[in-house]
Novice: 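Sharing a structure with you now.
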Amino acid sequence: MHIQDSHWSSASAVAPGGLGTAGSSARGDGTRTTPLRVDAQRNLEHVLRAAREVFGELGYGAPMEDVARRARVGVGTVYRRFPSKDVLVRRIAEEETSRLTDQARTALGQEDEPWSALSRFLRTSVASGAGRLLPPQVLRVGVVEEEPDAVVDEARVPQQRSRPEAEMRSAQGDGSAGDDAGAAALLEVVGQLVERARAAGELRADVNVSDVLLVIATAAPSLPDAAHQAAASARLLDILLEGLRSRPA
C-alpha cells in the first residue's frame with residue numbers, strides 16, 4: 001500500500017470542472033468542448049482503468065509512462081486528456097472517494113445494526129479496492145511530538161495517533177486538496193457509521209474515522225494469484241475488525 005502526498009498539492013488548485021467527464025473533451029483550462037470521438041472515448045476509458053491499476057499497485061508516485069504502457073497508448077495520448085499528472089491523480093482519487101462514499105451510504109441505509117453496517121462497509125470497500133486510491137488528506141495520521149526530556153523506549157520510535165474526526169474536518173481548510181467536497185462527504189458519512197457503532201458499545205472508544213479508513217487502505221495486499229489475494233484480504237480484514245471491536249471489561 002502506497003499513499004503519497006507527492007503530485008498532490010498542485011492538484012488541489014485544479015477545479016473539479018477541469019477534470020472533464022467521460023463523455024466530453026476538455027482543454028487545459030478546464031473548459032468542456034465537443035464530445036469525444038468513439039476511439040478517443042475508448043482511449044480515455046483505457047487510460048482511467050490503467051491509472052487505477054497502476055496507482056493502486058504502486059501509489060500515486062508512479063510515472064505517467066507506466067499508466068500509458070498499461071493502457072497500451074502513447075504517453076502523449078495520456079497528456080492530451082490530462083495535461084498534468086496532478087489532474088489525472090485528482091480525477092482517480094475523486095472517483096474512488098465517491099465510490100467509497102456511496103458504499104458507506106448504502107451500508108448506513110440498509111443495515112439497522114450499527115456493527116453490521118460498519119462491517120459491511122469495510123468488507124465492501126476492501127473488496128472493491130477503492131481504499132488503495134484514497135486521497136492522502138483522509139489518511140493523515142498525527143504524530144505526537146516527543147518532549148525534550150521525555151523518557152522514550154530504546155527504539156526511539158515516535159508515537160502516532162489518528163486524528164479525531166473534528167480535527168480531520170478542520171484540517172480540510174488548510175488550503176490543500178483537503179478542502180475537496182468529496183473528501184468531506186466521505187468523512188461525514190463514515191463518521192456516522194463510526195458514531196453509531198461507538199454509541200452501541202460495539203466499537204472501541206479510541207477508534208475514529210481515520211482508523212477505519214486506514215483499515216480500508218491497508219487490507220488489500222497485492223498478490224499475483226487472485227484467489228490467494230482475495231483469501232489474504234479476507235483474513236486480514238477479519239483480524240482488523242476484531243481489533244476495532246470493543247470487548248467487555
Novice: Tell me if the CG atom of D225 is crowded by more than 12 foreign heavy atoms within 6.0 Å.
Specialist: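 Check passes, neighbour count above 12.
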
Novice: Under a 4.5 Å cut-off applied to non-hydrogen side-chain atoms, are V212 and L118 in contact?
Specialist: yes

Novice: Looking at CG of L193 and CD of E188, how far apart are the two atoms once the value is rounded to the nearest 0.5 Å?
Specialist: 11.0 Å

Novice: Identify, with sequence neighbours excluded, every residue that meets salt bridge (charged side-chain N to carboxylate O under 4.0 Å, His left out) alongside R42.
Specialist: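 Salt bridge (charged side-chain N to carboxylate O under 4.0 Å, His left out) check on R42 returns nothing, list empty.
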
Novice: Considering all heavy atoms of both residues, which atom of E57 and which atom of R70 are nearest to each other, and what is their separation?
Specialist: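 That would be OE1-NH2, 2.9 Å.
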
Novice: Taking R196 for the side chain and D112 for the main chain, is one N or O donor matched with an acceptor at less than 3.5 Å?
Specialist: yes

Novice: Ignoring hydrogens and geometry, is there a side-chain-to-backbone donor-acceptor pair from D86 to V89 under 3.5 Å?
Specialist: no

Novice: So which atom in A117 and which in A107 form the shortest heavy-atom distance, rounded to 0.1 Å?
Specialist: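 Between these two residues, the closest heavy atoms are O-CB, 3.4 Å.
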
Novice: Looking only at heavy atoms, what is the nearest atom pair of L108 and Q192, with distance?
Specialist: CD2-OE1, 3.1 Å

Novice: Determine whether a donor-acceptor pair (N or O, by modelled atom type, separation under 3.5 Å) exists between the side chain of E111 and the backbone of E113.
Specialist: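 Flag not set: sc E111 to bb E113 has no pair under 3.5 Å.
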
Novice: For the CZ atom of R81 and the CG atom of L44, what is their distance to the nearest 0.5 Å?
Specialist: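 Interatomic distance, R81 CZ to L44 CG, rounded to 0.5 Å: 4.5 Å.
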
Novice: Given side chain to side chain contact (heavy atoms under 4.5 Å, CB included), test T101 with T97 step by step and report yes or no.
Specialist: CA-CA 6 Å; T101 303; T97 298; 4.3 Å; yes

Novice: Is any NZ, NE, NH1 or NH2 atom of the basic residue among R91 and E95 found under 4.0 Å from an Asp or Glu carboxylate oxygen of the other?
Specialist: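 Yes, R91 and E95 are salt-bridged.
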
Novice: Using residues 235-244 as the side-chain source, report each donor-acceptor pair under 3.5 Å to any protein atom, sequence neighbours left out, with the distance given to one decimal.
Specialist:
from: D238; atom 1: OD1; to: R123; atom 2: NH1; distance (Å): 3.1
from: D238; atom 1: OD1; to: R123; atom 2: NH2; distance (Å): 2.9
from: E242; atom 1: OE1; to: R247; atom 2: NH2; distance (Å): 2.2

Novice: Quick check: does any side chain N or O of S125 sit under 3.5 Å from a backbone N or O of I216, one acting as donor and the other as acceptor?
Specialist: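 Pair absent, no side-chain N/O of S125 close to backbone of I216.
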
Novice: Within a strict 4.5 Å, meaning less than it, do heavy atoms of the L100 and V190 side chains meet?
Specialist: no

Novice: Any donor-acceptor pair under 3.5 Å linking the side chain of S98 with the backbone of E94?
Specialist: no

Novice: Would a distance-only check, ignoring hydrogens and angles, find a side-chain to backbone donor-acceptor pair under 3.5 Å from Y60 to L133?
Specialist: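 Here the side-chain-to-backbone pair exists.
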
Novice: Mind checking whether R49 and H46 have side chains closer than 4.5 Å, heavy atoms only?
Specialist: yes

Novice: For E202, what residues pass the salt bridge (charged side-chain N to carboxylate O under 4.0 Å, His left out) criterion, not counting sequence neighbours?
Specialist: none

Novice: In the structure I gave you, are the side-chain heavy atoms of V67 and K85 within less than 4.5 Å of one another anywhere?
Specialist: no

Novice: Between D66 and R69 (salt bridge meaning N to carboxylate O under 4.0 Å), is one present in this structure?
Specialist: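 Counted as a salt bridge, because a side-chain N and a carboxylate O are separated by less than 4.0 Å.
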
Novice: Rounded to the nearest 0.5 Å, how far apart are CZ of F82 and CD1 of I92?
Specialist: 6.5 Å

Novice: In Å, rounded to the nearest 0.5 Å, how long is the span from CG of L186 to CZ of R99?
Specialist: 13.0 Å

Novice: Please find the pair of heavy atoms, one from A205 and one from R198, that lie closest to each other, and give the distance.
Specialist: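 Looking at all heavy atoms of both residues, the shortest contact is O-NE, 3.8 Å.
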
Novice: Could you walk me through whether E96 and R52 pass salt bridge (Lys or Arg N to Asp or Glu O under 4.0 Å), step by step?
Specialist: CA-CA 9 Å; E96 298 309 303; R52 291 187 192 98; 3.3 Å; yes

Novice: May I ask you to check whether R120 and Q103 show a side-chain donor-acceptor distance below 3.5 Å?
Specialist: no

